[in-house]
**Q** 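Please find one structure pasted underneath; my questions will follow.
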Amino acid sequence: MHTQFLFGRYTYPLQGEGARPRVMGILNVTPDSFADGGQYQSLEYAVSHAEQMILEGVDIIDVGGESTRPGAPAVPLEQELQRVMPVLYTLRDCGKPISVDTYKPQLMREAVIAGVDMINDINGFRAPGAIEAVRDSDCALCIMHMQSTPAAMQLRPDYADVVAEVIAFLRERVDALTAAGIDPRRLCIDPGLGFGKTVEHNYALLKAGGRLVAELGLPLLAGLSRKSMIGAVTGKPVEQRLAGSIAGALAAVAHGAAIVRVHDVAETVDALKVWRAAH
Ligand code: 7PJ
């Protein structure tokens, strides 16, 4: 493992003094929910949500303009640009690192120009042009594993050995990115919990966090906030998954995650503070 994670305008120590788990707060920008106010209202809402997360102690703000929930339809590029870019330009100087959750190379290029600190790609930079879009920037890159596509991924998740296959996939992507000349200190890995996986696959991968870190030598990001793997164990619908999601975030950190991607920032920050004090 490298000693530093290069994160755009920021640098995170990965070992020793100053190394601690980071909380990535999810900022969804989906103007569809603002039938009357349209785009401006959506921007205002996104910015006030970001301000709230900053007050709550967020480390990284992850801006996403396309729902990648199972079965969700793809959003056209133009619409994703219109949703996300004003938010990126508005938040760029908010004092916290900004990540953008996208798999579209054209949006990656625009986000790099806007000065974001991380590109978070659920598709692992597999789209033609994705690597070229980020290569000459200094932003961090999150390489996530996904089987199939968001529209079809939960239909029939299929693995002979889920942990070995996810590791092999991530290794291939890390090799492709570094072969293009990208500094490995910019990379982190993510097993993609919920992306083409059954509940059993998700927990196997969560428990294998330490193995992923050991075999790939890169920081691990885990996202399980409010996901069906929490609902499957608690029997709770999505709006009642807070406690389960916090337990999941702590478990991810116990298994080696350097970053947890969450909806509920204040609660996760508190839980991690107590967790660290108790170590
Ligand atoms: C993840 C993500 C995740 C990373 C989403 C949701 C679905 N990016 N984007 N990891 N999940 N890196 O939040 O329920 O697990 S969207």
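Heavy-atom basis, side chains included; hydrogens, waters and symmetry copies ignored. Values in this document were obtained by computation on a predicted structure and should not be read as measured data.
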**Q** So, the side chain of Arg109 versus the backbone of Ala130: is there a donor-acceptor pair under 3.5 Å, distance only?
**A**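 No, the answer is negative, given that no donor and acceptor are paired below the 3.5 Å cut-off.
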**Q** Hey, can you tell me if His279 and Trp275 have their rings parallel, tilted or perpendicular (30° and 60° cut-offs)?
**A**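 Aromatic pair His279/Trp275 classed tilted.
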**Q** Is any side-chain heavy atom of Arg241 less than 4.5 Å from a side-chain heavy atom of Val238?
**A** yes
**Q** Is the His201 ring parallel, tilted or perpendicular to the Tyr159 ring (thresholds 30°, 60°)?
**A** perpendicular
**Q** Could you state the interatomic distance from CD (Gln4) to CZ (Arg186), rounded to the nearest 0.5 Å?
**A** 14.5 Å
**Q** Is Phe7 reachable from Ile26 through a run of I, L, V, M, F, W or Y residues, each pair having side-chain heavy atoms under 4.5 Å apart?
**A** no
**Q** Between Met118 and Cys188, is any pair of side-chain heavy atoms under 4.5 Å apart?
**A**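 They are in side-chain contact.
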**Q** Are any non-hydrogen side-chain atoms of Arg171 and Ile167 less than 4.5 angstrom apart?
**A** yes
**Q** Contact between Leu43 and Val87 at the side-chain level, heavy atoms closer than 4.5 Å - yes or no?
**A** yes
**Q** Counting C-beta onward and ignoring hydrogens, is there a side-chain heavy-atom pair between Asp101 and Val84 closer than 4.5 Å?
**A** no
**Q** Do Glu66 and Thr102 have side-chain atoms, one donor and one acceptor, less than 3.5 Å apart?
**A**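 No - no donor-acceptor pair under 3.5 Å links their side chains.
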**Q** With a 4.5 Å cut-off on side-chain heavy-atom distances among I, L, V, M, F, W and Y, is there a chain of contacts connecting Leu155 to Val199?
**A**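 Each belongs to a different hydrophobic cluster.
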**Q** With Arg22 as the cation and Tyr12 as the aromatic partner, state whether NZ or CZ is under 6.0 Å from the six-membered ring centre and within 45° of the axis.
**A**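 That pair qualifies as a cation-pi contact.
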**Q** Hydrophobic clustering (ILVMFWY, side-chain heavy atoms < 4.5 Å, transitive) - are Val100 and Leu6 grouped together?
**A** no
**Q** Who pairs with Lys197 by salt bridge (charged side-chain N to carboxylate O under 4.0 Å, His left out), at least two apart in sequence or on another chain?
**A**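 Expected list: none.
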**Q** Rounded at 0.5 Å granularity, tell me how far CG in Leu88 sits from CZ in Arg83.
**A** 13.5 Å
**Q** Kindly indicate whether the side chain of Val269, heavy atoms from C-beta on, has any atom under 4.5 Å from the side chain of Val58.
**A** no
**Q** Got Pro86 and Val29 here, is their nearest side-chain heavy-atom distance under 4.5 Å?
**A**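 Counting from C-beta outward, Pro86 and Val29 never come under 4.5 Å.
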**Q** My understanding is that only residues two or more places apart in sequence, or in another chain, count here; which of them pass salt bridge (charged side-chain N to carboxylate O under 4.0 Å, His left out) with Glu110?
**A**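 Once residues adjacent in sequence are excluded, Glu110 has no partner under the salt bridge (charged side-chain N to carboxylate O under 4.0 Å, His left out) criterion.
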**Q** Say you draw a straight line from CD1 of Ile143 to CG of Leu216; how long is it, rounded to the nearest 0.5 Å?
**A** 8.5 Å
**Q** Any ion pair linking Arg9 and Asp93 (charged N to carboxylate O, less than 4.0 Å)?
**A**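 Yes, Asp93 and Arg9 are salt-bridged.
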**Q** Check whether Arg92 reaches the backbone of Gly115 with its side chain - one donor and one acceptor, N or O, closer than 3.5 Å.
**A**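 Between the backbone of Gly115 and the side chain of Arg92 there is no qualifying donor-acceptor contact (under 3.5 Å).
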**Q** With the threshold set at 4.0 Å, does a side-chain nitrogen-carboxylate oxygen contact exist between Arg126 and Asp121?
**A** no
**Q** Main chain of Ala164, side chain of Asp161: is a donor-acceptor contact present, judged purely on distance under 3.5 Å?
**A**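 Pair found, side chain donor or acceptor close to backbone of Ala164.
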**Q** For Ser225, which residues count as a side-chain hydrogen bond (donor to acceptor under 3.5 Å, both in side chains) partner, sequence neighbours excluded?
**A** His263
**Q** What distance do Leu177 atom CG and Asp183 atom CG have between them, rounded to the nearest 0.5 Å?
**A**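 One gets 11.5 Å once the value is rounded to the nearest 0.5 Å.
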**Q** Run the salt bridge (charged side-chain N to carboxylate O under 4.0 Å, His left out) test against Asp62 and tell me which residues pass, sequence neighbours left out.
**A**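 Once residues adjacent in sequence are excluded, the partners of Asp62 under the salt bridge (charged side-chain N to carboxylate O under 4.0 Å, His left out) criterion are Arg261.
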**Q** Are the side chains of Leu141 and Asn120 in touch, meaning some heavy atoms are under 4.5 Å apart?
**A**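 Answer no - side chains too far apart.
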**Q** Using a 3.5 Å distance criterion without hydrogens, assess whether the side chain of Glu267 forms a donor-acceptor pair with backbone atoms of Leu242.
**A** no
**Q** Does the pair Leu224 and Leu206 meet the rule for a side-chain contact (heavy atoms from CB on, under 4.5 Å), with working shown?
**A** CA-CA 9 Å; Leu224 42 66; Leu206 179 59; 3.9 Å; yes
**Q** Taking Leu107 as the starting point, is it possible to reach Val75 by hopping between hydrophobic residues whose side chains are less than 4.5 Å apart?
**A**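 No, Val75 and Leu107 fall in different hydrophobic clusters.
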**Q** Between Asp59 and Arg20, does any NZ, NE, NH1 or NH2 come within less than 4.0 Å of an OD or OE carboxylate oxygen?
**A** yes
**Q** What is the distance from atom CG of Leu220 to atom CE of Met1, rounded to the nearest 0.5 Å?
**A**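 CE of Met1 is found 8.0 Å from CG of Leu220.
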**Q** Under 4.5 Å side-chain heavy-atom separation, chaining through any Ile, Leu, Val, Met, Phe, Trp or Tyr, what else clusters with Met146? Say none if it is isolated.
**A**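 Once heavy-atom contacts under 4.5 Å are chained together, Met146 belongs with Tyr103, Ile122, Met144, Met153, Phe195.
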**Q** Checking Arg185 against Thr11: is there a side-chain donor and acceptor pair closer than 3.5 Å?
**A**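 Side chains of Thr11 and Arg185: no pair found under 3.5 Å.
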**Q** Report the distance from atom CG of Asp138 to atom CG of Asp117, rounding to the nearest 0.5 Å.
**A** 7.5 Å
**Q** Taking Glu80 for the side chain and Pro76 for the main chain, is one N or O donor matched with an acceptor at less than 3.5 Å?
**A**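 No; zero donor-acceptor contacts below 3.5 Å.
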**Q** Identify, with sequence neighbours excluded, every residue that meets salt bridge (charged side-chain N to carboxylate O under 4.0 Å, His left out) alongside Arg211.
**A**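 Partners of Arg211 under the salt bridge (charged side-chain N to carboxylate O under 4.0 Å, His left out) test: Glu215.
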